Amino acid sequence: MRYWLFKSEPSAWSWDQMKAAGGNPTEWTGVRNYLARNNMRAMRLGDLGFFYHSNEGLAVVGIVEVAALAHADSTADNPTWECVDIRAVAAMPTPVALSAIKANPKLAAMALVANSRLSVQPVTQAEWAEVCAMGGYAS
DNA sequence: GCCAACGTTGGC
DNA sequence: GCCAACGTTGGC
(Lines give C-alpha, C1' and ligand atoms only; values in the text may rest on other atoms or scores of the structure.)
Protein backbone atom coordinates (compact mmCIF):
# COMPACT_ATOMS: atom_id res chain seq x y z
CA MET A 1 0.00 0.00 0.00
CA ARG A 2 1.34 3.33 -1.02
CA TYR A 3 0.13 6.83 -0.35
CA TRP A 4 -0.26 9.85 -2.62
CA LEU A 5 -1.46 13.41 -2.75
CA PHE A 6 -3.71 14.81 -5.49
CA LYS A 7 -3.77 18.55 -5.95
CA SER A 8 -6.65 20.40 -7.51
CA GLU A 9 -7.83 23.96 -7.77
CA PRO A 10 -11.38 24.03 -6.39
CA SER A 11 -12.45 26.18 -9.34
CA ALA A 12 -11.44 23.35 -11.67
CA TRP A 13 -12.45 20.29 -9.64
CA SER A 14 -13.36 20.55 -5.97
CA TRP A 15 -13.76 18.12 -3.10
CA ASP A 16 -17.48 18.91 -3.16
CA GLN A 17 -17.63 17.63 -6.74
CA MET A 18 -15.57 14.62 -5.76
CA LYS A 19 -17.99 13.83 -2.91
CA ALA A 20 -20.98 14.41 -5.18
CA ALA A 21 -19.79 11.47 -7.25
CA GLY A 22 -20.91 9.41 -4.26
CA GLY A 23 -17.93 7.09 -4.15
CA ASN A 24 -18.10 6.39 -7.87
CA PRO A 25 -14.74 6.58 -9.63
CA THR A 26 -13.87 9.68 -11.61
CA GLU A 27 -10.95 10.18 -13.97
CA TRP A 28 -8.11 12.34 -12.71
CA THR A 29 -7.58 14.01 -16.07
CA GLY A 30 -5.49 16.96 -17.11
CA VAL A 31 -2.04 16.02 -15.80
CA ARG A 32 0.57 17.18 -18.33
CA ASN A 33 3.71 16.67 -16.31
CA TYR A 34 5.96 13.63 -16.62
CA LEU A 35 6.78 13.27 -12.94
CA ALA A 36 3.11 13.45 -12.02
CA ARG A 37 2.25 10.96 -14.74
CA ASN A 38 4.93 8.56 -13.58
CA ASN A 39 3.55 8.77 -10.06
CA MET A 40 0.13 7.78 -11.41
CA ARG A 41 1.67 4.87 -13.32
CA ALA A 42 3.13 3.61 -10.04
CA MET A 43 -0.27 3.57 -8.32
CA ARG A 44 -1.99 0.30 -7.48
CA LEU A 45 -5.64 -0.43 -6.82
CA GLY A 46 -6.55 0.45 -3.26
CA ASP A 47 -3.71 2.93 -2.75
CA LEU A 48 -4.94 5.91 -0.74
CA GLY A 49 -4.39 9.59 -1.38
CA PHE A 50 -4.98 12.99 0.12
CA PHE A 51 -7.18 15.40 -1.81
CA TYR A 52 -5.61 18.87 -1.57
CA HIS A 53 -7.12 22.20 -2.55
CA SER A 54 -4.57 24.54 -4.12
CA ASN A 55 -4.89 28.28 -4.74
CA GLU A 56 -8.05 28.54 -2.67
CA GLY A 57 -8.45 26.56 0.51
CA LEU A 58 -4.82 25.49 0.77
CA ALA A 59 -5.65 22.41 2.79
CA VAL A 60 -5.93 18.64 2.70
CA VAL A 61 -9.69 18.21 2.68
CA GLY A 62 -10.35 14.56 1.93
CA ILE A 63 -9.21 10.99 1.42
CA VAL A 64 -9.47 9.24 -1.94
CA GLU A 65 -8.72 5.73 -3.18
CA VAL A 66 -7.23 4.59 -6.48
CA ALA A 67 -10.04 2.79 -8.34
CA ALA A 68 -8.42 2.20 -11.74
CA LEU A 69 -4.83 1.89 -12.88
CA ALA A 70 -3.28 4.46 -15.20
CA HIS A 71 -4.89 4.55 -18.63
CA ALA A 72 -5.01 6.97 -21.54
CA ASP A 73 -6.26 10.43 -20.58
CA SER A 74 -9.30 11.00 -22.79
CA THR A 75 -8.80 14.77 -22.57
CA ALA A 76 -5.30 14.55 -24.06
CA ASP A 77 -4.52 14.63 -27.78
CA ASN A 78 -1.35 12.69 -27.12
CA PRO A 79 -1.16 9.09 -25.78
CA THR A 80 1.80 10.15 -23.64
CA TRP A 81 -0.62 11.42 -21.04
CA GLU A 82 -2.39 9.04 -18.72
CA CYS A 83 -4.65 9.24 -15.71
CA VAL A 84 -5.97 7.03 -12.94
CA ASP A 85 -9.50 6.88 -11.60
CA ILE A 86 -10.09 7.79 -7.97
CA ARG A 87 -13.08 7.71 -5.66
CA ALA A 88 -13.90 9.69 -2.54
CA VAL A 89 -13.43 7.69 0.66
CA ALA A 90 -13.99 10.21 3.46
CA ALA A 91 -13.78 13.88 4.24
CA MET A 92 -10.93 14.96 6.51
CA PRO A 93 -12.76 15.64 9.80
CA THR A 94 -10.65 18.77 10.29
CA PRO A 95 -9.01 20.02 7.06
CA VAL A 96 -5.24 20.17 7.46
CA ALA A 97 -4.01 23.55 6.25
CA LEU A 98 -0.79 24.03 4.32
CA SER A 99 0.31 26.47 7.02
CA ALA A 100 -0.07 23.73 9.65
CA ILE A 101 1.86 21.27 7.48
CA LYS A 102 4.66 23.81 7.01
CA ALA A 103 4.71 24.46 10.76
CA ASN A 104 5.19 20.75 11.55
CA PRO A 105 8.90 19.82 11.54
CA LYS A 106 8.00 16.16 10.90
CA LEU A 107 6.55 17.19 7.55
CA ALA A 108 9.41 19.38 6.34
CA ALA A 109 10.36 16.85 3.65
CA MET A 110 6.84 16.47 2.27
CA ALA A 111 6.68 17.09 -1.46
CA LEU A 112 3.89 19.55 -0.82
CA VAL A 113 6.42 21.73 1.00
CA ALA A 114 9.61 20.82 -0.86
CA ASN A 115 8.23 20.67 -4.41
CA SER A 116 5.03 22.64 -4.29
CA ARG A 117 4.42 22.65 -8.04
CA LEU A 118 4.09 18.90 -8.47
CA SER A 119 0.39 18.08 -8.89
CA VAL A 120 0.50 14.35 -8.08
CA GLN A 121 2.92 13.52 -5.30
CA PRO A 122 4.04 10.52 -3.28
CA VAL A 123 3.43 10.62 0.48
CA THR A 124 5.40 8.45 2.90
CA GLN A 125 3.65 6.27 5.43
CA ALA A 126 4.97 8.44 8.26
CA GLU A 127 3.70 11.59 6.55
CA TRP A 128 0.35 9.93 5.91
CA ALA A 129 -0.03 8.98 9.57
CA GLU A 130 1.01 12.43 10.76
CA VAL A 131 -1.40 14.35 8.51
CA CYS A 132 -4.24 11.96 9.37
CA ALA A 133 -3.56 12.53 13.06
CA MET A 134 -3.59 16.30 12.55
CA GLY A 135 -6.92 16.07 10.76
CA GLY A 136 -8.55 13.70 13.23
CA TYR A 137 -8.86 10.91 10.67
CA ALA A 138 -8.38 7.40 12.00
CA SER A 139 -6.14 5.87 9.35
C1' DG B 1 -2.18 40.74 -8.76
C1' DC B 2 2.61 39.74 -8.04
C1' DC B 3 6.43 37.00 -8.49
C1' DA B 4 9.52 32.93 -7.47
C1' DA B 5 10.18 28.34 -8.84
C1' DC B 6 10.02 25.16 -12.10
C1' DG B 7 9.16 22.67 -16.60
C1' DT B 8 9.24 22.96 -21.52
C1' DT B 9 10.54 24.69 -25.94
C1' DG B 10 13.46 25.72 -29.56
C1' DG B 11 17.60 27.96 -31.63
C1' DC B 12 22.25 27.18 -32.02
C1' DG C 1 23.20 18.72 -25.79
C1' DC C 2 23.26 23.30 -23.89
C1' DC C 3 20.85 27.10 -22.29
C1' DA C 4 17.99 31.33 -22.81
C1' DA C 5 13.36 32.50 -23.30
C1' DC C 6 8.98 31.64 -22.25
C1' DG C 7 4.71 29.80 -20.04
C1' DT C 8 2.50 27.92 -15.99
C1' DT C 9 1.77 26.93 -11.24
C1' DG C 10 0.62 28.23 -6.86
C1' DG C 11 1.66 30.63 -2.43
C1' DC C 12 1.42 35.04 -0.61
Side-chain angles (χ1 to χ4, degrees):
Chain A
M1 159 81 72
R2 282 193 260 182
Y3 302 98
W4 310 94
L5 182 145
F6 296 86
K7 209 167 13 177
S8 184
E9 298 188 32
S11 60
W13 181 255
S14 70
W15 174 246
D16 280 348
Q17 288 173 284
M18 195 77 227
K19 270 193 311 187
N24 292 313
T26 54
E27 292 187 313
W28 193 257
T29 56
V31 171
R32 300 292 183 268
N33 172 284
Y34 288 101
L35 212 47
R37 185 206 62 187
N38 291 345
N39 286 334
M40 289 196 291
R41 282 181 172 176
M43 293 178 187
R44 294 297 171 254
L45 294 179
D47 280 0
L48 295 175
F50 290 130
F51 190 99
Y52 174 80
H53 273 167
S54 63
N55 276 315
E56 307 162 49
L58 304 186
V60 173
V61 291
I63 310 288
V64 295
E65 178 186 16
V66 175
L69 300 178
H71 57 85
D73 182 338
S74 58
T75 69
D77 54 9
N78 182 331
T80 297
W81 303 119
E82 299 178 4
C83 64
V84 294
D85 294 2
I86 60 175
R87 75 165 67 92
V89 172
M92 189 59 86
T94 305
V96 181
L98 177 64
S99 56
I101 289 172
K102 283 188 166 176
N104 186 336
K106 292 184 197 166
L107 301 176
M110 250 189 110
L112 192 63
V113 178
N115 185 5
S116 67
R117 291 195 46 199
L118 185 59
S119 60
V120 179
Q121 315 178 343
V123 173
T124 67
Q125 188 162 20
E127 290 162 354
W128 181 266
E130 182 67 17
V131 173
C132 285
M134 292 166 76
Y137 180 75
S139 60

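A quick note: this is a predicted structure, and the numbers were derived from the prediction, not measured. Chain naming here is simple, since letters A, B, ... match the order of the sequence lines and numbering starts at 1 in each.
- Among the candidates A:D73, A:N78, A:T80, the single residue satisfying the side chain to side chain donor-acceptor pair (under 3.5 Å) test with A:R32 is A:D73.
- Ring geometry for A:F51 versus A:W15: interplanar angle of 30 to 60°, hence tilted.
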Can you list the steps and then say if A:L112 with A:Q121 is a side-chain contact (heavy atoms from CB on, under 4.5 Å)? CA-CA 8 Å; A:L112 192 63; A:Q121 315 178 343; 3.7 Å; yes
Are any protein N/O atoms closer than 3.5 Å to N/O atoms in nucleotides 1-3 of chain C? If there are, list each pair with its distance.
none

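- Side-chain contact check for A:Y3 versus A:F50: every heavy-atom pair is 4.5 Å or farther apart.
- For the residue pair A:D16 / A:S14, no side-chain donor-acceptor distance below 3.5 Å is found, with atom types taken as modelled.
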Contact letters for nucleotides 7-12 of chain C, in which S counts primed atoms plus P, OP1 and OP2 and B counts the base, heavy atoms under 4.0 Å: BBBBBS
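- Residue A:L107 holds its CG atom at 6.5 Å from CD of A:E127, rounded to the nearest 0.5 Å.
- With sequence neighbours excluded, no residue forms a salt bridge (Lys or Arg N to Asp or Glu O under 4.0 Å) with A:R117.
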